[in-house]
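This is the structure I have questions about; it appears just below.
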Amino acid sequence: MLENIQHFEKMAAFAGAAVAMGLGAIGSALGEGHTAAKANEAIARNPESLGSIYKTMLVGQSIAESASIFALVIAMLLLFSKPVSDSYATVCAALSAGLCMGFGAFGSGVGAGFASAAACTGIARQPAASGRLTTNMLIGSAVCQTTAIYSLVTALILLLVDFSTRPLSPTWAAIFGAGIATGLSAIGSGIGEGLVAETSCEGIARNPAAAGTITNSMLLGQAVTETTAIYGLLISFILLFKSFPPATTLAPAAALLSAGLCMGIGAFGPGIGEGVTAQTAVKWIARNGNAQIELTRCMLVGQAVAESTGIYSLVIALILIFVV
Amino acid sequence: MAIEGIDLVRAAGFLGAGICMGLGAIGPGLGEGLAAAKACESIGKNPREAGLITRTMLVGQAVTESTGIYSLVVALLLLFVV
């Protein structure tokens with residue numbers, strides 16, 4: 001029996017590591033490729049700025065890379081660390097940690113790529129603002145990385161907490177639900193925040209005098225875009241740390257798994273939608289500084305409405321956990 | 001642990017509710033975001049009409065929201081009625 005569980009643990013750890021690294025590599029690679037393409041374009045346009053474009057490209061790519069480094073860390077932990085206990089809950093946790101980190105690295109990698117690509121294009125256009133552009137890019141892509149960090153935290157909790165003391169049913173479903181909720185909800189917000197950072201770099205290149213205002217508007221827009229990823233993290237933490245009574249039927253487990261799926265998938269649309277809204281608002285704040293107040297108000301109202309479906313998902317997930 | 005028919009139906013209802021609300025939230029979220037983006041663009045081009053543009057945006061978003069509300073209603077039906 002024990003030997004059987006250990007075999008399953010090995011299988012789950014290998015599968016989890018493969019999923020984490022395989023899925024986790026996609027976003028960063030796409031983002032870095034996009035950055036390199038735009039950097040080439042920028043150098044062709046303005047060969048004198050080769051040095052600063054080259055530097056910004058490398059710095060931007062290394063930030064986009066961090067999401068897949070998180071995935072590598074989780075994959076290595078899964079491959080080489082000893083499981084916290086021998087039980088089927090640990091088997092589920094290994095698979096769930098892999099899924100969580102694999103999905104969660106996608107949005108951050110792509111988003112950070114948008115930001116650094118726009119910074120390279122901006123330096124070619126406005127070499128004098130290169131310092132300000134690099135700073136803005138660093139702030140913007142650092143915010144993009146937060147969603148990958150949420151996934152890293154959830155994956156680490158899944159790997160390091162001992163779930164064997166809890167009843168296997170419905171804990172297995174809570175474990176999978178937690179991984180899926182954080183992992184999937186990170187995708188939309190990561191990409192949305194990247195879009196906001198992209199246009200703020202573009203805006204600073206067009207109008208370097210308004211750099212301070214543009215960075216502030218970018219941060220405001222990104223903060224609202226982040227909310228749906230935070231809902232996902234919230235649902236994961238509830239699933240991981242609430243104690244559930246043992247279940248003899250399938251329904252309670254299905255409810256917990258469904259809560260994770262609901263919040264994970266439901267966060268995607270609002271995340272990207274709010275990102276697109278903030279992207280356009282920041283673009284026009286850079287072009288028409290006189291309308292800053294009207295634009296900020298319209299952006300926040302529009303984002304609040306786009307948020308509503310994310311809140312519906314949160315409500316359904318909470319009902320699935322606490323009511324039914 | 002024996003899985004009985006009625007238990008399976010309840011489990012399917014719960015899973016269905018989660019998937020229904022999750023997938024149903026994608027479209028309205030994206031669509032309302034696009035509507036708000038275009039409204040911001042219009043205000044950037046013509047800030048004097050900000051009030052009119054925001055009002056039109058909200059009406060458009062309210063209509064876009066309807067499918068999200070349908071998903072919410074179906075999810076609640078699956079959870080509490082069916």
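All chains are named by letter (A, B, ...) in the order of the sequence lines, taking the proteins before the strands, and each is independently numbered beginning at 1.
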(request) Return yes when atom CZ of A/F237 has more than 12 non-hydrogen atoms of other residues, nucleotides or ligands closer than 6.0 Å, and no otherwise. (result) yes

(request) Look only at the side chain of B/D7 and the backbone of A/T249, and say whether a donor-acceptor pair between them is shorter than 3.5 Å. (result) no

Can I get a per-line list of side-chain donor-acceptor pairs under 3.5 Å for residues 50-59 of chain B, giving both atom names and the distance, sequence neighbours left out?
| unit_1 | atom_1 | unit_2 | atom_2 | d |
| --- | --- | --- | --- | --- |
| B/T54 | OG1 | B/A50 | O | 2.7 |
| B/T56 | OG1 | B/L52 | O | 2.8 |

(request) Mark yes or no for whether A/T277, through its side chain, and B/A36, through its backbone, hold a donor-acceptor pair below 3.5 Å. (result) no

(message) Within a 6.0 Å radius of atom CG on B/L77, are there more than 12 heavy atoms belonging to other residues, nucleotides or ligands?
(response) yes

(message) Heavy-atom pairs under 4.5 Å with chain B - which of A/V276, A/L320, A/T296 has more of them than the others?
(response) A/L320

(request) Would you mind reporting whether B/P47 and A/N290 have side-chain heavy atoms less than 4.5 Å apart? (result) no

(message) Applying a heavy-atom distance below 4.5 Å, give me the residues of residues 253-266 of chain A that approach chain B, sorted by number.
(response) A/A254, A/A255, A/L257, A/S258, A/L261, A/C262, A/I265, A/G266

(message) I need the contact set between residues 172-189 of chain A and chain B: heavy-atom distance under 4.5 Å, sorted by residue number.
(response) none

(message) Just verifying a value: how many Å separate B/E41 CD and A/Q279 CD, rounded to the nearest 0.5 Å?
(response) 10.5 Å

(message) Using side chain to side chain contact (heavy atoms under 4.5 Å, CB included), reason through B/I43 and A/W284 one step at a time and then give a plain yes or no.
(response) CA-CA 8 Å; B/I43 291 178; A/W284 284 93; over 6 Å; no

(request) Report the option among B/G27, B/A17, B/C40, B/A39 that has the most heavy-atom pairs separated by less than 4.5 Å from atoms of chain A. (result) B/C40

(message) I want to check something: taking the side chain as every heavy atom from C-beta on, are B/L76 and A/I319 in contact at a cut-off of under 4.5 Å?
(response) yes

(message) Can you tell me which of B/L15, B/L79, B/V9 forms the most heavy-atom pairs within a distance under 4.5 Å of chain A?
(response) B/L15

For residues 306-316 of chain A, which side-chain donor-acceptor pairs fall under 3.5 Å, sequence neighbours excluded?
| unit_1 | atom_1 | unit_2 | atom_2 | d |
| --- | --- | --- | --- | --- |
| A/E307 | OE1 | A/T227 | OG1 | 3.0 |
| A/E307 | OE2 | A/T227 | OG1 | 3.0 |
| A/E307 | OE2 | A/Y231 | OH | 2.9 |
| A/S308 | OG | A/V305 | O | 2.5 |
| A/S308 | OG | B/E65 | OE1 | 2.8 |
| A/S308 | OG | B/E65 | OE2 | 2.8 |
| A/T309 | OG1 | B/A25 | O | 3.3 |
| A/Y312 | OH | B/E65 | OE2 | 2.9 |
| A/S313 | OG | A/T309 | O | 3.2 |

(request) Select, from A/A291, A/C298, A/A317, the one with the greatest count of heavy-atom pairs under 4.5 Å involving chain B. (result) A/C298

